[in-house]
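In what follows, chains are A, B, ... by sequence order, proteins preceding strands, each numbered from 1.
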Amino acid sequence: MPDKANDMKLVERIAGGDAEALGELYDRYGRVAFGVLYRMLPGPEAAEEVAQDAFHSVWREARSYRSERGSVRTWLLAICRNAAIDWRRTRGKRLEREVTIEAAAELLSDAKVDERVVDRLRAERVRAMVGRLPREQREVLALAFWGGYSQSEIAARTDTPLGTVKSRVRLAMNKLRESLEDER
Amino acid sequence: MSQERHPTEDLPAYALGALEPDEREAIAAHLETCALCTGDLAQFEDALYEAAVIGAVNVEPPADLRTRIVARHRGARPSSATSWGDRVIAFLRSPVPAAVPIALAVLLVVAFGVLGATRGQADTYARALAGVVDGRVVALAPTGANPDARATVVIPNQGSPYLIVRLPVPPTGKAWEAWVLKPGSSGPVAVPAGTTDRGDVFTLSLTVPLGAGDGVAITLEPASGSAQPTTQPVLAVERT
């Protein structure tokens, strides 16, 4: 379960040049970060390479972290996701290993979640909400998040009007947000 | 708080990373000054990445990955205050050529080029540049890592931007990688824009769109390319 106060202290230590703090951040979130990359990339070698790049970005960008822009876990996973998308845009296409629509089309996995990094209650709320989303809304979220596709690309690849895709994204994201709203 | 209209409708797609680059840049600029939208974005991202944790593959990373990550940074200093992009920009704030007309660019190239490189290379480079018939050219400045390096961004009136480059063949296992420097919330963000293992005088197409005011840089990277720059640039320009 994320410990926001300690996470922020870790980031402060990383910003101060403490490499062991980077290791401690890895201890907390390395496994889930690797799991995100593993799902987005064509194999463990690519996930390993991008994980190293992502933690290097954390090292370089630690001083620019702003807690009002989200939790440390969200910040780290966003760095990982962006690094994976960059990797695929450069080497993924060259290797013809782009993630397919089919591989990216489901938002959640059936795998058991690493309970060290989730608040079980929050996770269940999100899982239940995602389960209630219409299939088309789940699909646009998954294609954008895991596949790295833009709304225009999703519209083209699924032969759906762009306006419809935009509407599905809005509805799905608002519902996802609502699933955690009563915590605030 | 920003006085602009809040991009409420597009904020969910922004959180999801599903906007086109121009839409994304407009919202990023708004977020710089709007605490309300920044707070909304944090809520969207929080929920999205909660779902991502549930959606991630539950797999054990390689046993030595942690050791390698820590070892790479032990004894090093974080550079966020002076990130890669910031250092490039700091360098470029010293007087260097920016955008110049084609004819002047050719003269500059010839004048500077013959000093270190062979005259043949300088001639080939100058001829390549002189062959540009339309559009705009912007010279990249050598940063000192390779004083003989030369490169120019060509932005045609129609078609995609590309680089005309004069660099030696990279060492075995390495490649030249081009980067488009996009404005980011904490300094320029380097986006990978193409690699090559060629040397001498060659052209390199930029594989990502070049927005108004974006910078360009070239670094030496592993042959497979890098997601982020790992070395200082040999050539760079702050804005095109």
How close do [X] and [Y] get, heavy atom to heavy atom, and via which atoms?
X: B:Ala13; Y: A:Gln151; result: CB-OE1, 3.5 Å
X: A:Val32; Y: B:Ala56; result: O-CB, 4.1 Å
X: A:Gly70; Y: B:Ala42; result: N-CB, 4.0 Å
X: B:Leu16; Y: A:Met173; result: CD1-SD, 4.3 Å
X: B:Tyr49; Y: A:Arg81; result: OH-CD, 3.5 Å

Taking [options] one by one, which has the highest count of heavy-atom pairs under 4.5 Å against chain B?
options: A:Ser57, A:Ala51, A:Ala54; result: A:Ser57
options: A:Thr74, A:Asp86, A:Leu37; result: A:Thr74
options: A:Leu77, A:Val36, A:Leu22; result: A:Leu77

- Task: Specify whether B:His73 and A:His56 have parallel, tilted or perpendicular ring planes, treating 30° as the upper limit for parallel and 60° as the lower limit for perpendicular.
- Result: parallel

- Task: Could you note down all residue pairs passing side chain to side chain donor-acceptor pair (under 3.5 Å) where residues 16-28 of chain B supplies at least one of them, sequence neighbours left out?
- Result: A:Ser150-B:Glu20, A:Ser152-B:Glu20

What distance separates [X] [atom1] from [Y] [atom2], expressed to the nearest 0.5 Å?
X: B:Thr38; Y: A:Arg66; atom1: OG1; atom2: CZ; result: 12.0 Å
X: B:Leu19; Y: A:Lys166; atom1: CG; atom2: NZ; result: 8.0 Å
X: B:Asp10; Y: A:Arg170; atom1: CG; atom2: CZ; result: 7.0 Å
X: B:Phe44; Y: A:Leu176; atom1: CZ; atom2: CG; result: 9.5 Å
X: B:Glu60; Y: A:Phe34; atom1: CD; atom2: CZ; result: 9.5 Å
X: A:Arg31; Y: B:Leu65; atom1: CZ; atom2: CG; result: 13.0 Å

For the pair [X] and [Y], find out whether any cationic side-chain nitrogen is under 4.0 Å from an anionic carboxylate oxygen.
X: A:Arg125; Y: B:Glu50; answer: no
X: B:Asp40; Y: A:Arg177; answer: yes
X: B:Arg68; Y: A:Glu48; answer: yes

- Message: Need one label for A:Asn82: side chain, backbone, both or neither, based on atoms under 4.5 Å from any heavy atom in chain B.
- Response: neither

- Item | chain B contact via A:Ala172 - side chain, backbone, both or neither, heavy atoms under 4.5 Å | neither

- NZ or CZ of B:Arg66 within 45° of A:Tyr26 ring axis and under 6.0 Å: no

Contact winner vs chain A - [options], heavy-atom pairs under 4.5 Å:
options: B:Ala18, B:Ala15, B:Ala193, B:Gly194; answer: B:Ala18
options: B:Pro61, B:Pro192, B:Ala71, B:Pro12; answer: B:Pro61
options: B:Val59, B:Thr207, B:Leu31; answer: B:Val59

- Taking the side chain as every heavy atom from C-beta outward, state whether A:Arg73 and B:Val53 have any atom pair closer than 4.5 Å. yes

- Whatever's closer than 4.5 Å to a heavy atom in chain A on B:Leu41 counts as neither

